[in-house]
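What follows is a short report on a single structure.
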Amino acid sequence: MKPRWLSLLLPLAACGGPAPPTGPHVILVSIDTLRRDHVGCYGYERETTPNLDRFAREGVRFDQEISSTSWTLPAHAAIFTSVPDAVHGVVDATGTALSPAFVTLAERFQAAGYATGGFYGGPYLDGAFGLGQGFDTYVYAVRGQRERFAPDKVEVWANNPLSHAASHHGVTNDAVYGEARAWMEEHKEQASFTFIHFWDVHYDFTPPPPWDTRFDPGYEGPIDGRGFVKDNVRYRPDMSKRDFEHLLALYDGEIGWTDTFLGKLRADLESWGIADDTILIITSDHGTEFFDHGHKGHRQTLFDEVVRVPLVLWAPGRVPEGSVVTHQTRSIDLGPTLLELANLAPPEGVLGRSLMPLVEGAAPEAERAAVCELHTLGFELQALRLPDGKFLRDEARDSSVWFDLEADPGEHAPQRELDSGRGARLRDSYTHALAELARAIEERPEGAVATDLSDELRDELRANGYIGEDE
Ligand SMILES: [Zn+2]
């Protein structure tokens with residue numbers, strides 16, 4: 001295995017300008033729709049995630065990681081830009097895309113001489129929404145046709161009637177990891193940044209064998225995991241306990257199936273001899289609701305089952321083994337963390353901050369406040385989360401409540417007293433956070449830009465369920 005000091009010295013030895021760095025290999029894995037409480041290392045009783053758990057045992061597990069929202073597009077835009085949704089502005093899919101004025105994480109690695117590759121399995125990661133910025137290669141892998149297309153060619157998937165079915169009902173991990181693996185192997189001799197987006201845990205819940213029966217082999221009922229969001233006859237709050245158990249078993253099957261790819265990733269890194277020079281983050285963009293608050297799916301609320309996500313950082317020799325960060329952390333902090341671990345300059349113009357001080361055990365002066373937002377499908381929600389409480393503002397209904405996350409972690413008892421005590425303090429924190437966001441927006445007035453979707457194309461997206469109530 002190549003020692004790390006060699007990769008540090010090699011660029012210095014080159015003549016005629018800096019040679020591309022040979023390491024490290026930075027990998028960001030997003031497992032779409034993965035609930036924190038269905039992950040083994042967060043206490044789930046089923047063995048859904050042995051490979052993720054092993055990475056956690058050898059690295060750092062973050063106990064209170066908070067996403068910027070509860071659905072795919074803005075959540076990933078926040079991860080890539082290290083600013084909350086109000087600042088990057090990509091809060092809906094009906095015509096906004098990330099402005100090229102933002103410097104994404106991939107662009108920062110690219111500028112440092114890294115090879116950059118992104119591989120995704122869900123439609124909202126598409127380059128048409130600006131998320132391909134900075135990737136040398138950015139591939140929507142679902143259709144299995146190995147089509148590599150320019151970021152502005154949204155038509156490639158949108159015009160294919162099979163895309164929706166493939167992306168929601170199909171099995172996509174093989175295609176996504178197959179593309180990512182080939183690219184990583186091709187670039188194993190140089191510093192690289194790889195983004196891998198696994199989509200199969202997202203509904204529908206139709207894992208391939210043996211995962212379809214793995215956690216509930218004896219079931220013989222009507223629940224097959226298909227049509228989870230649209231079928232209100234089979235999937236409803238008062239569905240039988242037995243059927244509900246099977247629904248969760250299918251969801252868990254998708255998680256177990258997806259986790260096997262983390263095992264493949266480890267084996268590949270080891271066989272290529274680069275595991276010891278790899279920095280790996282595994283997280284999710286949001287959870288999903290199984291009637292926790294009467295709904296199913298996500299993109300409807302900002303409760304913890306959809307915004308509190310798993311986060312594991314694995315970087316042999318760079319982070320302590322088996323540690324747990326209990327302080328609150330945020331998805332906007334991931335970019336600065338990866339850049340610091342790769343010895344690159346801290347990003348300017350972002351609101352996220354590196355997690356390394358917390359990893360190294362420093363006590364923060366104050367907990368990092370997380371702002372979560374939802375401005376889509378008629379929802380106008382904003383939340384301020386701290387470890388012990390959440391302030392929730394519903395602009396559309398002109399209502400404000402708060403939750404005591406210590407006494408009421410399930411968020412079933414909204415508190416309405418805002419003039420004194422914790423309610424007032426949470427409201428003040430919320431107001432303070434909004435003022436910080438307003439300043440950040442003022443500093444970068446470009447915000448989101450319009451996507452180049454034609455009216456015709458937009459109608460097609462809607463017909464296929466890409467725009468509208470179905471993600
Ligand atoms: Zn998602």
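Atoms within each ligand, like the ligands themselves, are counted from 1 in listed order.
Angle subtended at the Zn ion (ligand 1) by Asp285 OD2 and Thr72 OG1: 110°, rounded to 10 degrees.
Look at His286 and the Zn ion (ligand 1): an N/O/S atom of the residue is under 2.8 Å from the metal. Using a cut-off of 2.8 Å, one finds that Thr33 contributes no N/O/S atom close to the Zn ion (ligand 1).
Restricting Asp32 to its N/O/S atoms, the shortest distance to the Zn ion (ligand 1) is reached by OD1.
In this structure, Glu47 places its CD atom where only 12 or fewer heavy-atom neighbours from other residues, nucleotides or ligands lie under 6.0 Å away.
Using the six-membered ring where Trp is involved, Phe205 and Tyr203 have ring planes that are perpendicular, over 60° apart on the 30 and 60° scheme.
Judged purely by distance below 3.5 Å, without hydrogens or angles, the side chains of His298 and Glu289 never pair a donor atom with an acceptor atom.
Ion pair Asp304/Arg385 flagged as a salt bridge, since at least one NZ, NE, NH1 or NH2 atom sits closer than 4.0 Å to an Asp/Glu carboxylate oxygen.
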